[in-house]
2 protein chains.
Amino acid sequence: MKATIYDVAKEAGVSIATVSLVINGKGKISEERREEIRQIIMRMGYKPSMIASALTGKKTYALGLLVPDISNPFFAEIARAVEDEGQRHGYSVFICSTDNKDEKVEHYAALLQQKNVDGIIIGTGLKELSVLKPLLQGGVPVALLAREFPSVVVPSVVVDDYAGGAAAAEHLISLGHRHLAVLAEQDSISSSRERVRGFKHTAEAAGITLDPAFVLSSGIKEGKNKAQELLQRDDRPTAIFCCNDMLAIGALRAAKELGLRIPQDCSIVGFDDTVLASVTDPPLTTIAQPIEQMGQTAVQLLIRQIGQPGEQPERIVLTPSLSIRQSSMALRRYPEQSIS
Amino acid sequence: MKATIYDVAKEAGVSIATVSLVINGKGKISEERREEIRQIIMRMGYKPSMIASALTGKKTYALGLLVPDISNPFFAEIARAVEDEGQRHGYSVFICSTDNKDEKVEHYAALLQQKNVDGIIIGTGLKELSVLKPLLQGGVPVALLAREFPSVVVPSVVVDDYAGGAAAAEHLISLGHRHLAVLAEQDSISSSRERVRGFKHTAEAAGITLDPAFVLSSGIKEGKNKAQELLQRDDRPTAIFCCNDMLAIGALRAAKELGLRIPQDCSIVGFDDTVLASVTDPPLTTIAQPIEQMGQTAVQLLIRQIGQPGEQPERIVLTPSLSIRQSSMALRRYPEQSIS
DNA sequence: ATAATCATTGAAAGCGCTCCCCTTTGCGCG
DNA sequence: CGCGCAAAGGGGAGCGCTTTCAATGATTAT
């Protein structure tokens with residue numbers, strides 16, 4: 001059986017209180033005793049049970065991370081950053097893939113609460129804001145990552161999605177494109193909405209109006225089909241802005257299936273700049289999110305919230321940056337006939 | 001404050017034992033009382049603390065997943081499968097990225113043990129096998145995923161790496177390649193060794209000897225450089241087998257930087273078939289691992305081990321399959337001069 | 001030398017829950 | 001009418017640890 005604090009105490013001929021104090025480096029214990037007990041702990045291979053210490057009203061040193069899908073590279077990279085930063089502060093993290101389904105969010109939220117996690121990072125969208133209520137009522141510290149729910153006051157890290165969308169538009173417009181399309185995520189996802197808004201406004205400011213028929217929403221699965229819809233039109237756009245890299249990849253595939261060349265026949269700009277963007281064919285021009293920093297910051301905000309529950313929640317805005325690769329190019333002013 | 005079982009008991013006018021029994025659906029309680037207490041639990045929003053119930057000698061319903069890097073798509077996909085299958089059985093999972101460093105493995109192993117996880121899935125390599133000892137001695141159920149340590153008897157899921165390597169060789173040889181090279185992972189990783197072995201043997205059986213100078217080991221970071229080494233030789237290989245897709249991508253990049261065309265100037269075969277393989281330029285011919293099944297099986301084995309600690313550990317071998325895309329092609333028998 | 005002061009350490013009360021085992025109550029039966 | 005028994009529910013002892021508070025002996029001031 002595993003050694004307990006009692007075993008150590010008996011072995012050392014002291015009370016468990018003393019052992020506890022030594023472990024936590026507290027109290028007034030003579031240095032000799034301290035060292036002696038440390039030796040014994042080492043020798044017995046004793047490791048205090050975090051379960052028991054958690055029960056004593058202390059913390060569990062566990063965090064929950066809610067994301068849509070850990071197998072999506074963007075969230076996998078986020079997870080890594082969260083894990084590392086958590087680790088740095090002594091926290092372990094539970095991963096929870098919600099598939100953006102409220103039921104799953106609800107399920108995981110309740111579960112994490114039962115597991116008494118010290119805090120939860122929410123990096124997943126939710127249709128019904130009410131799923132968060134039990135958490136907030138339960139007093140579980142929460143930090144929002146790349147998501148926002150205006151009516152909820154909790155710390156959050158976001159990237160300036162509007163600016164990102166705008167940057168995409170600027171890039172495309174500067175390349176001469178005027179016939180633009182957008183492939184967005186579901187409308188319920190605020191970051192996507194913002195990206196589209198930034199894109200749209202910037203286009204409008206340049207005198208370009210986006211035909212609603214050229215602004216499609218879709219999940220990752222149907223992304224390719226939606227892109228194909230766009231690409232098959234007679235008045236096919238000369239550039240498509242995709243609200244994430246997965247969608248952009250769908251577009252790339254759609255183009256390939258239709259025999260269209262990217263970027264010659266259509267420029268494509270993605271969003272995220274995960275590992276995927278650099279390995280596609282062609283490599284994706286995309287709006288880069290500072291993923292690592294996002295994860296780190298979220299953990300920091302959360303931990304601060306855990307420490308000072310009352311404190312005014314902070315809202316940190318990170319700035320995305322344009323990463324130009326080969327899926328976008330200047331519009332040819334005088335399109336030649338296809339040579340085939 | 002959060003409601004406890006006492007609050008519920010008081011509210012219902014029964015003892016906490018009764019409430020506990022109702023929660024766990026045990027004992028002899030009249031159906032009316034049962035229902036009544038359920039109502040109260042619901043009404044009060046009471047959720048039993050898993051910490052407390054874990055302390056009472058029960059399970060924590062938490063698993064640990066040790067992988068080299070959760071941001072690596074292969075492991076991210078594994079993680080998703082593990083998470084889902086775990087969830088299906090009521091378990092949550094802690095992610096632990098070890099970067100293949102023994103110290104981190106050790107650190108996480110100890111941590112998970114302190115957190116009293118019910119079991120650990122080890123999907124990371126280790127140089128020193130001894131880091132596992134504390135776990136096994138501590139009686140923590142363990143399952144190995146895509147790794148093997150012959151001297152340790154624990155359940156494990158592996159794919160037949162040897163067969164995978166062989167399949168890669170067969171493919172390449174059938175395309176007429178005879179001048180082969182291999183980009184392997186560190187030698188400490190047994191799966192990589194097996195892949196190389198399968199590849200080598202198959203090549204030899206076809207009368208092809210691999211010059212050791214054409215078998216390079218490298219981490220993902222230096223993969224590109226190693227590939228460049230290979231590709232810059234005067235007697236450049238006509239095909240490279242890379243022990244994972246990341247390495248293959250490194251090779252793809254190296255080729256591009258050197259102005260070499262893939263697959264015309266050199267065929268490349270990867271291993272894993274993560275999402276990456278399908279989005280590269282060109283899409284990767286690769287040996288596909290049944291990732292989802294691997295994750296699921298690992299969880300199942302682990303859970304079985306948790307249930308019957310004494311039971312003879314099972315070893316399940318899954319079979320990889322060749323997934324042909326565009327990074328490999330038949331060797332041109334009479335190489336033309338480069339046109340440029 | 002004696003009381004007062006400190007540094008050390010131990011005893012014990014929980015934390016919220018599970019589970020063994022005992023008490024109470026209600027019945028059927030001789 | 002008394003007995004045994006089953007059913008229903010309560011009591012209470014932990015699980016391993018933290019922490020408060022008091023007790024102990026040592027130390028120092030008077």
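Letters A, B, ... are given to chains in the order of the sequence lines, protein chains preceding strands, and every chain is numbered from 1. Just so we're clear, the structure is a prediction, and the values are computed from it rather than from any experiment. When reading the values below, keep in mind they use all heavy atoms of this one structure, side chains included, and skip hydrogens, waters and symmetry mates.
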What orientation do B:Phe94 and A:Phe94 show, parallel under 30°, tilted 30 to 60°, or perpendicular over 60°? parallel
If we count only N and O atoms by modelled type, under 3.5 Å, do the side chains of A:Ser71 and B:Glu77 hold a donor and an acceptor together? no
With the side chain defined as heavy atoms from C-beta on, B:Ala52 is closest, among D:dG9, D:dG10, C:dG16, to C:dG16
Passes side-chain hydrogen bond (donor to acceptor under 3.5 Å, both in side chains), A:Thr124 versus A:Asn100? Steps please. CA-CA 6 Å; A:Thr124 184; A:Asn100 275 327; 3.1 Å; yes
Shortest side-chain distance from B:Ser53, nucleotide among C:dC15, C:dC17, D:dG9: C:dC17
Taking the minimum atom-to-atom distance to the side chain of B:Ser15, which one of D:dG10, C:dG16, D:dT18 wins? D:dG10
What is the distance from CG of B:Asn24 to P of C:dT18, rounded to the nearest Å? 5 Å
Rounded to the nearest angstrom, tell me the gap between atom NZ in B:Lys10 and atom C1' in C:dG16. 14 Å
Indicate whether OP1 or OP2 belonging to C:dC17 is found under 4.0 Å from a side-chain N or O atom of B:Tyr46. yes
Take the protein atom CD1 of A:Ile16 and the nucleotide atom P of C:dG14, then report the distance between them rounded to whole Å. 15 Å
For D:dT19, does OP1 or OP2 lie under 4.0 Å from any side-chain N or O of A:Lys58? yes
Kindly check if the number of other-residue, nucleotide or ligand heavy atoms within 6.0 Å of NZ (A:Lys59) is above 12? yes
What is the distance from CE of B:Met50 to P of C:dC17, rounded to the nearest Å? 12 Å
Rounded interatomic separation in angstrom, taking CD from B:Glu31 and C1' from D:dG9: 15 Å
Determine: side-chain N/O of B:Ser30 to OP1/OP2 of D:dA7, distance under 4.0 Å, yes or no. no
Among the candidates C:dC17, C:dG16, C:dG10, find the nucleotide nearest to the side-chain atoms of B:Pro48. C:dC17
Does any N or O donor sit under 3.5 Å from an N or O acceptor when you compare the side chain of A:Thr56 with the base of D:dC17? yes
Look only at the side chain of A:Asn24 and the backbone of A:Lys26, and say whether a donor-acceptor pair between them is shorter than 3.5 Å. no
Distance alone, cut at 3.5 Å: any donor-acceptor contact between the side chains of A:Thr60 and A:Asp118? yes
Side chains of A:Ile316 and A:Leu318, heavy atoms from C-beta outward: is any pair under 4.5 Å? yes
Taking only Lys NZ, Arg NE, NH1 and NH2, and the carboxylate oxygens of Asp or Glu, determine whether A:Arg38 and A:Glu35 approach each other closer than 4.0 Å. yes
Report the distance from atom NZ of A:Lys26 to atom P of D:dT20, rounded to the nearest whole Å. 8 Å
OP1 or OP2 of C:dT9 less than 4.0 angstrom from a side-chain nitrogen or oxygen of A:Arg33, does that happen here? yes
Which residue lies toward the 5' end of DNA chain D, A:Thr4 or B:Ile29, if each is placed at its nearest nucleotide? B:Ile29
How would you label the contact of B:Val19 with the nucleic acid (heavy atoms, under 4.0 Å): base, sugar-phosphate, or nothing? nothing
Less than 4.0 angstrom between a side-chain N/O of B:Ser20 and OP1 or OP2 of C:dT18, yes or no? yes
Grab the CD1-P distance between A:Ile5 and D:dG14 for me, whole Å please. 18 Å
What is the distance, to the nearest angstrom, from the OH atom on A:Tyr6 to the P atom on C:dA12? 12 Å
Every protein N/O within reach of nucleotides 20-26 of chain C N/O, cut-off under 3.5 Å:
none

